[in-house]
Amino acid sequence: MTSSDLWDAETAERYDETSAFMFAPDVLDPAVRFLADLAGTGAALEFAIGTGRVAIPLVERGVSVSGIELSQPMVDQLRKKRTDIPVVVGDMATSTMPGQFALVYLVWNSIGNLRTQAEQVACFGNAARHLTPGGRFVIELSIPGIRRYPPGQAAVPFHVGKDHVGFDTYDMTTQQGTSHHYRRHSDGTVRYAASNFRYLWPAECDLMARLAGMDLERRVADWNGSVFTSDSESHVSVWRKPASGR
């Protein structure tokens, strides 16, 4: 039984609308280019493929993409756009897709949907099992905003916009977090929604990769390849499965 929140039909139907800023060309295009370059002529597997935000433009660039997704309603939304992307409905920590892949990727903080360390370790292992020798596993992940907590503050804003305001709350003893979303709709109403996650640090990711037999190849601050520093608020990390056995 996975610890992930399960997104229902209503959430899936609203996903593309509420996540419209992540579909903007200046956000999406660099991610697609980065992943397409890594996939090369090989096949790619997306964990938590969702409605196909990244997978569909990758397919349109000629990359063969498959997916694993926990939420059947999210897959239903993907199917309304394309029916030719193979998807297994299941937990990305344990579910398998037939075949091997040059690239496995997991974007937009989705590793945090697995809310136990054991499941996150299993996810890295599952990625490694799907990779061909020399293949790569890529994660896009925010750095927890704990440094921005002044004494007495209960939440950290992660997005402040005209129609959406979001705050993260953290439990420093358990590495559990909750994202709180307040969205204003065209009729003037405001809807609240929350999603739960387990945050993890880059060094913790590297250890999980090592346990899965993969080595860190590259870490940058974003899909444009900006240098990762101690002040970076996100990272895109690439681990590689050895081309031959150790």
Side-chain angles (χ1 to χ4, degrees), residues 28-50 53-55 57-59 61-69 85-86 88 91-114 117-143 198-230 232-246:
L28 183 55
D29 290 354
V32 173
R33 284 196 300 269
F34 190 107
L35 294 169
D37 287 345
L38 287 181
T41 59
L45 174 63
E46 180 171 1
F47 286 175
I49 193 172
R53 180 182 69 92
V54 176
L58 268 180
V59 170
R61 288 179 67 106
V63 179
S64 175
V65 180
S66 301
I68 294 175
E69 170 59 47
I85 299 176
V88 168
D91 178 2
M92 61 185 170
T94 58
S95 298
T96 58
M97 171 66 69
Q100 286 193 305
F101 301 86
L103 174 69
V104 178
Y105 65 94
L106 183 55
V107 300
W108 200 16
N109 302 318
S110 295
I111 183 70
N113 292 347
L114 299 169
Q117 187 181 70
E119 286 178 299
Q120 291 174 349
V121 169
C123 183
F124 273 77
N126 199 27
R129 284 190 295 274
H130 281 91
L131 287 172
T132 59
R136 296 174 172 89
F137 181 39
V138 179
I139 281 182
E140 175 193 18
L141 187 60
S142 294
I143 303 295
R198 180 186 186 271
Y199 65 84
L200 63 165
W201 303 95
E204 191 177 6
C205 291
D206 291 342
L207 180 56
M208 292 180 182
R210 292 287 293 173
L211 292 172
M214 298 182 291
D215 300 309
L216 180 66
E217 181 177 73
R218 183 184 183 194
R219 173 167 291 130
V220 291
D222 52 43
W223 295 112
N224 289 308
S226 302
V227 176
F228 180 78
T229 72
S230 59
S232 297
E233 295 189 347
S234 64
H235 65 101
V236 175
S237 296
V238 182
W239 298 275
R240 190 169 188 179
K241 184 175 181 176
S244 59
R246 287 187 171 135

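Partners of Ala48 according to the side chain to side chain contact (heavy atoms under 4.5 Å, CB included) rule, which considers only residues two or more places apart in sequence or in another chain, are Glu69, Met92, Leu106, Ser110. Not counting sequence neighbours, Glu233 has no partner by the salt bridge (charged side-chain N to carboxylate O under 4.0 Å, His left out) test. Every ring pair (Phe, Tyr, Trp, His ring centres under 6.0 Å) that Phe124 has, sequence neighbours left out, goes to Phe137, Trp239. The side chain to side chain contact (heavy atoms under 4.5 Å, CB included) test applied to Ser230 returns no partner, not counting sequence neighbours. Under the side chain to side chain contact (heavy atoms under 4.5 Å, CB included) criterion, Pro202 pairs with Ile143, Arg219, Phe228, His235, sequence neighbours left out. Applying the side chain to side chain donor-acceptor pair (under 3.5 Å) rule to Trp223 yields the partners Glu140; only residues at least two apart in sequence or on another chain are considered. Remark: Arg53 pairs with no residue by the side chain to side chain donor-acceptor pair (under 3.5 Å) rule, at least two apart or across chains. Listed by chain and residue number, nothing satisfies the side chain to side chain donor-acceptor pair (under 3.5 Å) test with Arg218 (two or more places apart in sequence, or in another chain). For Thr94, the side chain to side chain contact (heavy atoms under 4.5 Å, CB included) partners two or more places apart in sequence, or in a different chain, are Asp91. Under the rule for a side chain to side chain donor-acceptor pair (under 3.5 Å), Ser95 has no partner lying at least two apart in sequence or in another chain.
Under a 3.5 Å cut-off, the side chain of Gln120 and the backbone N or O of Arg198 do form a donor-acceptor pair. The backbone N or O of Gly225 sits less than 3.5 Å from a side-chain atom of Asp222, completing a donor-acceptor pair. With hydrogens and angles disregarded, a donor-acceptor distance shorter than 3.5 Å links the side chain of Lys241 to the backbone of Ala128.
Contact detail for Pro133 and Ala243: the closest heavy-atom pair is CB-O, 3.3 Å. In plain terms, the two heavy atoms of Leu28 and Pro57 that are nearest each other are CD2-CG, 4.1 Å. Heavy-atom minimum distance, Ile85 versus Ala55: CD1-CB, 4.4 Å. Shown here for Gln100 and Leu131, the closest heavy-atom pair between the two residues is NE2-O, 3.3 Å. Closest non-hydrogen pair, Leu114 versus Cys123, comes out as CD1-CB, 3.6 Å. Looking at every heavy atom in both residues, Ala39 comes nearest to Leu103 through CB-CD2, 4.0 Å.
Counting heavy atoms from C-beta outward, Val88 and Thr96 have side chains that stay 4.5 Å or more apart. Within the 4.5 Å cutoff, no side-chain heavy atoms of Leu207 are placed close to those of Glu204. The side-chain heavy atoms of Val63 and Leu35, taken from C-beta on, include no pair separated by under 4.5 Å. Between Leu38 and Tyr105 there is no side-chain heavy-atom pair separated by less than 4.5 Å. Glu46 is not listed as a side-chain neighbour of Ile68, based on a closest heavy-atom distance of 4.5 Å or more. For the pair Val54/Trp108, no side-chain contact is recorded, criterion being any heavy-atom separation below 4.5 Å from C-beta on.
Just one residue in the list Ser234, Ser237, Cys205 forms a side chain to side chain contact (heavy atoms under 4.5 Å, CB included) with Leu141, and that residue is Cys205.
Ser64 OG to Phe101 CZ: the interatomic distance, rounded to the nearest 0.5 Å, is 7.5 Å. With rounding to the nearest 0.5 Å, the separation of CG in Asn126 from CZ in Arg129 is 4.5 Å. Note that the CD1 atom of Ile139 and the CZ atom of Phe47 stand 9.5 Å from one another [nearest 0.5 Å].
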